[in-house]
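Scroll down for the structure; my scribbles are underneath it.
The figures that follow rest on heavy atoms only: side chains count, while hydrogens, waters and symmetry mates do not. Chain letters run A, B, ... following the sequence lines, proteins first and then strands; every chain starts at 1.
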Amino acid sequence: MVGIQSYGTYLPRFRLDRAAISSALGTTGGKGTRAVASHDEDSVSLGVEAARQVVEESTQIDRVLFVTASPPYAEKTNATIVHAALGLSTAASAYDMVGSVRSGIAAVQSAIDGAYRGRRTLVVSADVRSGLPGSADESQGGDAASALVIGPGSGVAEIIGTASSSAEFLDRWRLPGELEAHTWEERFGEEVYLPLAVQAVTDVLAGARVGINEVAHIVVSGLNARANKKLGARLEVRPEKLAPDLASTVGNSGCAHQGLLLAGVLEQALPGELILLISLADGADALLLKATAALPAYRARRPARPVRPLNVSYADFLTWRGVLRRQPPRRPDPNPPAPPAAARAAEWKFGFSGSQCTLCGYRHLPPSRKCQSCGAIDHMTPQPVAHIPARIAAFTIDRLTYSLNPPVVLAIVDFDGGGRFQCEMTDVDPQTIAVGDRVEMTFRRLNTARSIHNYFWKVRPLDAATSGEED
Amino acid sequence: MSANSIVDRVAIVGMGCTPFGEHWGKDTSDLLLDASQGALASAGIDLDEVDAFWFGTFASGFSGLTLSQPLKIDHRPVTRMENMCATGSETLRNAAYAVASGAYDVAMAIGVEKLKDSGMSGLAAAQPPGDGTAATISAPASFSLLSPAYQQKYGVDDKLMKDVLTHIAWKNHQNGAKNPLAQFRQQVSKEAICASPLVAGSLGIYDCSGVADGSAAAIVVRAEDAHRYTDRPIYIKALSLAAGPGTGPTDPDYDYTTFTEVVRSAECAYRQAGVIDPRTELGFAEVHDCFTPTELVLMEDLGFAARGTAWKQVLDGAFDLDGDLPINPDGGLKSFGHPIGASGLRMLYECWLQLRGEAQARQIDNGRTLALTQNLGGRPGACVSFVGIVGSELSA
């Protein structure tokens with residue numbers, strides 16, 4: 001017996017009003033909003049935030065699979081960044097499954113296989129979705145991340161069965177390095193997808209000896225909106241069984257989307273209910289799950305956090321995406337981190353682990369060999385603080401330092417239980433900050449210089465955190 | 001903090017200082033040549049008579065060669081120094097100790113900075129390779145933290161604080177307007193200062209010091225030899241430097257209303273010079289007004305005003321040119337400009353002029369014979385501070 005042990009999602013705080021696109025481009029239409037990764041977020045940082053929802057210090061993880069169609073790095077593994085940010089043991093493996101959107105369901109299938117062999121796998125799926133200005137991908141895409149821990153035991157949702165069908169056809173594709181994906185006419189994809197989906201669904205239900213009418217919730221995830229929409233009718237299921245697709249608020253988050261939608265269902269499902277997840281990406285994959293008695297307790301322990309989105313203008317959105325190049329100030333380009341220095345400091349830089357003096361208890365951020373309180377040398381233990389909230393002791397607005405989202409906010413924060421740190425504050429309207437405000441750490445990409453992404457932590461308002469429960 | 005006093009053992013017998021500003025037509029070598037020639041001429045000596053050189057620059061060159069090549073120094077020791085914005089003062093401190101030790105008879109302290117060739121707004125220092133986790137925050141943003149902290153601690157509201165900081169900028173521009181070497185030689189109205197565009201926190205453009213090129217130099221000899229060179233030497237009374245542990249940014253008890261490094265270096269300097277009450281014993285002071293709130297906090301750290309009272313004394317004009325204790329009579333970093341490696345020696349240059357009665361339109365005449373220079377490198381909570389005291393008279 002294997003199952004989903006925990007699930008989590010992360011939505012960036014910013015939303016782009018689709019009407020802003022049509023207004024800027026002089027086109028018509030555009031309803032609702034899409035989620036937008038901030039200027040300091042990418043698929044890895046989004047993924048870290050989702051993974052932090054499901055991984056606690058005590059969580060045993062044997063393997064991390066990081067999934068994205070928008071990887072920050074090629075050649076180098078992105079999953080090791082997630083692994084380091086979570087402070088996982090070096091004995092836990094970390095692999096990428098990047099490139100195609102289908103990698104999302106592939107990672108889940110692989111994690112299920114691993115679970116039958118006793119392994120607990122963290123599947124982190126994240127995407128930053130873009131397209132040319134005015135394209136459907138630009139307006140209908142959304143940036144998000146989802147995370148699942150799949151392992152032995154029924155967990156919160158037991159895996160009842162899986163089935164898959166594959167075929168080669170060009171519905172959607174993109175060459176490496178291109179910003180925009182290409183698609184054929186949507187009706188062509190619909191033609192190909194529906195039979196493949198019916199086949200996978202038929203197989204999974206037959207394997208489990210259940211009928212489609214016994215399924216309580218159906219999640220359809222894929223980038224061909226027309227195929228998604230038509231599948232319910234083809235399967236002859238009541239529309240209310242179909243999980244909301246978040247199209248009007250978040251947009252389609254590619255690799256992350258199935259996890260995002262599944263999490264939405266798991267937030268509602270009653271113990272014993274069957275859930276059918278169907279992924280349409282270069283074939284069809286069907287996954288049949290059963291909510292367990294452990295689900296309500298899991299939900300109660302991890303209440304959905306309030307969503308307080310911030311609006312982003314279309315001009316800023318294009319700037320953050322690198323589409324609109326704006327005049328920079330006369331300030332030096334950032335220096336990239338030096339790989340040996342970053343490697344030496346990995347527990348600090350990626351894991352945000354300081355040090356605590358074993359003699360007097362003083363907490364040091366960053367870690368220090370000599371205690372700044374009692375002076376003892378080399379009497380330190382690692383002290384992870386990424387999960388600890390803090391309060392703003394002082395802050396200032398820096399209008400000189402370059403940022404894609406000026407002005408830069410510098411916050412000096414005091415952590416609960418000790419430790420002071422100063423760093424950039426993100427996901428915030430500078431007008432609203434006050435001394436005493438509660439903040440939490442968030443993993444971000446500070447900048448990219450000389451082809452090196454510089455990841456580190458910032459603070460954000462405690463009430464800025466969002467999860468996938470917006471609809 | 002202990003440092004043995006060398007009070008009255010070393011004298012400054014000649015100084016040179018270039019105009020500070022945007023020297024599009026001069027490079028580092030030109031500035032060094034101009035300042036050193038000025039100092040040599042002032043002392044009435046040739047380059048060959050200088051036994052050793054302490055040369056400071058933050059980032060305009062490496063090694064003693066940066067000085068020895070343009071000056072064509074003939075195989076003498078040249079020590080290149082760097083201690084951030086306190087670099088200039090460091091050259092004086094080290095040259096003076098070398099002379100006091102007896103190792104050299106004549107030494108030159110010289111500092112330079114060529115900032116305007118970088119093409120950047122504000123300072124843009126190259127950093128050593130690192131792990132990429134240090135906050136990239138501008139200098140004005142760091143120093144802007146002083147204002148709200150001071151306001152909160154002493155109950156000064158936003159409007160009042162703006163008036164205080166504006167007065168400091170206004171005063172330093174008033175003084176700079178009287179200084180032919182200053183970068184900004186015009187008075188600026190309080191209205192214009194108040195309305196200047198924000199740079200960081202509540203600090204506007206006029207709250208920031210000038211980014212300038214420039215160089216300054218001093219000739220240092222043993223006090224007993226001073227009158228061979230000039231009838232009016234000035235004598236070193238104290239030299240103090242404190243590098244703090246840099247724990248401010250990680251210390252929850254640090255409240256951004258003081259520079260402990262300044263307090264400690266000042267205490268040490270006053271002890272060396274035998275100064276009990278700086279407010280009444282000093283004729284004036286040149287302090288590190290990199291940003292207007294820095295000057296405000298320095299008034300209290302240096303003991304010129306009791307804690308929580310400097311803001312009022314600023315508004316009362318106590319530190320104006322005709323005030324009780326004039327501060328930055330030459331215009332300070334604010335309007336003289338701040339070529340980093342030269343600034344500490346530029347402060348000393350004003351002492352040289354004032355104590356010899358050569359400051360012309362801005363000459364202070366309050367009968368006191370001591371002057372203080374205070375030079376800061378770094379940021380609130382993590383900095384180095386120099387405090388020096390010079391005087392025109394030998395102690396009794």
Side-chain angles (χ1 to χ4, degrees), chain A residues 329-346 348-350 352 354 362-366 368 370 372-373 393-403 407-415 418-424 435 446-447 449 452-458, chain B residues 59 116 118-153 196-205 208 211 244-257 291 293 379-382:
Chain A
R330 293 183 187 279
R331 293 294 291 168
D333 292 332
N335 282 322
R344 284 194 298 273
W348 165 244
K349 180 178 176 63
F350 297 100
F352 206 64
Y362 200 94
R363 193 184 272 172
H364 299 80
L365 308 171
S368 170
K370 179 165 182 176
Q372 76 177 48
S373 178
F395 70 95
T396 191
I397 311 291
D398 188 350
R399 297 173 197 279
L400 190 56
T401 294
Y402 177 66
S403 169
V408 170
V409 178
L410 175 77
I412 291 156
V413 302
D414 290 331
F415 285 86
R420 169 169 285 195
F421 188 58
Q422 66 175 44
C423 63
E424 200 175 325
V435 168
L446 304 191
N447 54 56
I452 296 179
H453 300 307
N454 188 16
Y455 292 99
F456 191 50
W457 297 79
K458 296 183 181 180
Chain B
K116 295 306 297 183
S118 81
M120 298 295 171
S121 304
L123 296 181
Q127 297 296 323
D131 64 15
T133 65
T136 51
I137 206 77
S138 69
S142 286
F143 283 90
S144 74
L145 291 163
L146 298 171
S147 296
Y150 187 96
Q151 289 179 247
Q152 201 222 339
K153 188 164 184 174
S196 70
L198 291 177
V199 175
S202 61
L203 303 185
I205 289 279
C208 307
V211 177
T247 51
T250 54
D251 178 2
D253 293 330
Y254 178 60
D255 72 358
Y256 290 87
T257 63
F291 302 96
R379 294 173 176 205

Exercise. How about B/T133 and A/P366: do any of their side-chain heavy atoms sit closer than 4.5 Å?
Worked result: no

Exercise. Just wondering, are more than 12 heavy atoms of other shown residues or ligands nearer than 6.0 Å to CD in B/Q152?
Worked result: no

Exercise. What part of A/W457 gets closer than 4.5 Å to chain B, counting heavy atoms only: side chain, backbone, both or neither?
Worked result: neither

Seminar exercise, completed: Residue from A/D398, A/N454, A/V413 scoring the most non-hydrogen pairs under 4.5 Å with chain B is A/D398

Exercise. Can you tell me how far CZ of A/R330 sits from OG of B/S118, rounded to the nearest 0.5 angstrom?
Worked result: 10.0 Å

Problem set entry | Leading residue by heavy atom contact count with chain A [cutoff under 4.5 Å; candidates B/P129, B/G130, B/S144] | B/G130

Problem set entry | Where A/L446 and B/G132 come nearest, the two heavy atoms and their spacing | CD1-O, 3.7 Å

Exercise. Which of the residues B/L203, B/T136, B/L198 is involved in the greatest number of heavy-atom pairs with chain A at under 4.5 angstrom?
Worked result: B/L198

Seminar exercise, completed: Looking only at heavy atoms, the pair that brings B/S138 and A/R331 closest together is CB-NH2, 4.5 Å

Exercise. So what's closer than 4.5 Å to chain B heavy atoms on A/E424: side chain, backbone, both or neither?
Worked result: neither

Problem set entry | Check: A/L410 and B/L145 side chains under 4.5 Å, non-hydrogen atoms | yes

For this session: Please answer whether the main-chain N or O of B/P197 pairs with a side-chain N or O of A/R399 as donor and acceptor at a distance below 3.5 Å.
Result: no

For this session: Using non-hydrogen atoms and a 4.5 Å limit, figure out which bit of B/P252 sits close to chain A: side chain, backbone, both or neither.
Result: both

Exercise. When rounded to the nearest 0.5 angstrom, what distance separates OG1 in B/T247 from CD in A/Q372?
Worked result: 5.0 Å

Problem set entry | Greatest number of heavy atom pairs closer than 4.5 Å to chain B - which of A/L365, A/I412, A/V408 | A/I412

For this session: May I ask you to test the A/Y362-B/D251 pair for a side-chain heavy-atom distance under 4.5 Å?
Result: yes

Problem set entry | Shortest non-hydrogen separation from B/A200 to A/T396 and the atoms involved | C-OG1, 4.2 Å

Exercise. Tell me, do A/P332 and B/M120 make a side-chain contact under 4.5 Å, heavy atoms counted?
Worked result: yes

Seminar exercise, completed: Between A/Q422 and B/A135, the two heavy atoms sitting closest are O-CB, 4.2 Å

